[in-house]
Amino acid sequence: MYVLLVASAFNSLTQRVHAELRDHGHRVAVELALPGASLPGASLAEAVRGHRPDLVIAPMLRTALPEEVWSAHTCLIVHPGPVGDRGPSSLDHAIQDGETRWGVTVLQANAEMDAGDVWASVDCPVPPVGKSDLYRGEIADAALEAVLLAVERFASGTYVPRPQTGGRARPLLRQEDRRIDWAADGTERVLRALRAADSQPGVRDDLLGGEWFLHGGHREDHLRGRPGELLATRAGAVCRATADGAVWIPELRARRRPGRPAEPKLPATVALSDRLPPLPEVPAPPHAGPHRRTWSDIGYHEEGRAGFLTFSFPGGAMSTAHCRRLLDAYRSACTRPTSVLVLGGGRDFFSNGIHLGVIEAAADPAEESWANINAMDDFVEAVLTTTDRLVVGALGGNAAAGGVVLALAADEVWCRSGVVLNPHYRLMGLYGSEYWTYVLPRRVGPGLAERLTAEAQPLSAAAAHGLGLVDRTVPCAPGEFTGETERLAVRLAALPATTARIAAKKAARERDEADRPLAAYREAELARMHRTFFDPKAPYHALRRAFVRKERAVATPPVTGLAVPDEAPGPACC
């Protein structure tokens with residue numbers, strides 16, 4: 001069947017629907033629902049007519065489909081809410097209201113927003129995580145189950161969708177509804193407000209004489225102070241007192257100035273810069289244990305002969321500082337007496353590569369780009385040259401560009417079944433580095449490596465496994481991936497064959513180094529990246545700016561489109 005996806009952005013859910021429908025044998029194309037025409041639906045209606053699809057699916061739309069489209073084609077809308085829920089802030093309301101279960105409904109487009117006949121609906125739990133994490137996790141899993149069921153029902157030609165009865169249309173959740181009263185609101189209320197807006201739009205707030213949008217929120221269990229007061233910093237985040245505790249806020253975004261594009265989200269301490277008063281830098285306890293409830297973006301623990309280096313950066317973006325701290329933690333982990341070292345293992349993004357937001361905000365973006373890619377290369381090199389243990393890249397969430405290559409530098413790659421991979425750099429106008437010219441052909445051969453980087457298609461975990469990019473897919477819920485990874489790693493470390501594999505790995509690395517040193521791959525890749533970074537006319541600079549500052553696309557790209565932030569992710573890409 002020929003399925004046309006119509007979306008406001010080629011975001012994570014659109015990519016996943018695209019990838020998994022292809023896995024099920026369907027032909028799939030994408031059209032972006034772009035604004036700006038004097039007759040808003042005209043260009044989209046013409047595009048849809050040109051495709052002549054069997055079915056239209058809208059995985060993520062910010063505006064209604066024009067009547068010209070839904071009256072001529074069966075159009076299925078993916079709404080991130082249970083049957084009867086209507087309105088543009090479905091997940092925001094669910095999280096802020098403290099819902100414990102939610103769902104996804106696939107309904108037929110008609111004249112009333114979110115009120116069409118129901119083709120499929122799937123419910124899901126709502127764990128205490130941010131909206132973007134929930135959107136890429138439980139909501140995406142439910143959406144795919146519902147979409148595949150709806151497509152099967154449509155293809156049968158016999159299914160009659162059921163009309164909606166009852167329900168309610170809820171309004172857009174505005175900043176006045178999200179406002180935090182620091183003097184009165186307890187930690188639970190503050191966390192719900194922050195989680196409901198963690199990626200977009202953020203919670204507007206006054207802080208240190210400026211107006212900011214707060215992004216992300218995590219509980220702190222020990223630090224206390226006067227409500228609203230900043231108490232400490234940690235790894236770029238700030239800790240702020242609530243009425244009964246404190247929370248860590250990783251990122252801030254300055255309010256948009258009139259006539260200017262959106263400001264980038266930045267680590268809180270970077271955004272506040274010289275406004276920040278002297279505060280103690282309070283590192284996370286090295287062995288917090290199960291009873292501490294504090295936040296850290298990097299952690300390490302052991303189970304038997306397996307070590308686990310966990311990391312979770314907003315939006316999967318890895319700045320120069322992130323990479324250097326992670327490299328320090330990796331080197332420390334490599335001093336431990338383990339035979340298996342697992343990287344990642346969390347439930348959301350693994351990595352999307354260099355931090356485009358920090359680069360965009362830098363005094364010299366070219367120099368910061370150069371520093372960031374070299375810091376990424378340093379970390380990947382450390383993984384590639386680890387020959388005294390097996391290294392596993394454990395992807396509980398999506399990865400793109402340099403983040404995919406980082407995972408491929410490991411000896412084994414394990415992916416949760418719902419993961420989407422984008423193993424390419426081209427759509428950001430970059431050649432790429434992180435030793436991809438060594439790592440990717442080593443996995444799939446030079447021909448397929450060239451195709452993957454040139455076609456710039458998103459891959460499901462299953463497709464990546466079939467191509468040899470991934471060694472194991474783990475079919476589990478997002479919240480179960482960490483436990484499954486630990487179980488598998490402990491078992492791997494205990495296998496008698498693991499010692500022989502480590503010896504063989506060391507010998508293979510020595511042979512590869514003799515054939516062509518890693519330094520030669522790095523030098524060749526970075527020569528091309530340097531030319532791009534320091535050429536002000538290179539497309540990379542305009543593409544980065546549009547991506548970070550959320551400038552609207554001006555056309556539908558010919559293959560899959562430039563991946564853009566969800567309601568969900570942060571400024572990461574390469």
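Model, not experiment: these values are computed from the prediction. Quick note: numbers below take in every heavy atom, side chains included, and nothing from hydrogens, waters or symmetry partners.
- In this structure H465 satisfies the side-chain hydrogen bond (donor to acceptor under 3.5 Å, both in side chains) test with no other residue, sequence neighbours excluded.
- The salt bridge (Lys or Arg N to Asp or Glu O under 4.0 Å) test applied to R347 returns D133, E138, not counting sequence neighbours.
- Scanning for ring-ring contact (aromatic ring centres under 6.0 Å, His included) contacts around F379 gives Y330, with sequence neighbours left out.
- Residue pairs that meet the salt bridge (Lys or Arg N to Asp or Glu O under 4.0 Å) test with at least one member in residues 361-373, sequence neighbours left out, do not exist here.
- Remark: D141 pairs with R16, R416 by the salt bridge (Lys or Arg N to Asp or Glu O under 4.0 Å) rule, at least two apart or across chains.
- Residues satisfying the salt bridge (Lys or Arg N to Asp or Glu O under 4.0 Å) criterion with E211, sequence neighbours excluded, are R204, R255.
- Under the ring-ring contact (aromatic ring centres under 6.0 Å, His included) criterion, H79 pairs with no residue at all, not counting sequence neighbours.
- For T233, the side-chain hydrogen bond (donor to acceptor under 3.5 Å, both in side chains) test picks out E281, with sequence neighbours left out.
- Under the rule for a ring-ring contact (aromatic ring centres under 6.0 Å, His included), the partners of F533 that lie at least two apart in sequence or sit in another chain are Y540.
- Remark: H530 pairs with W370, F534 by the ring-ring contact (aromatic ring centres under 6.0 Å, His included) rule, at least two apart or across chains.
- For D205, the side-chain hydrogen bond (donor to acceptor under 3.5 Å, both in side chains) partners are W182, R240, not counting sequence neighbours.
- For E381, the salt bridge (Lys or Arg N to Asp or Glu O under 4.0 Å) partners are R522, not counting sequence neighbours.
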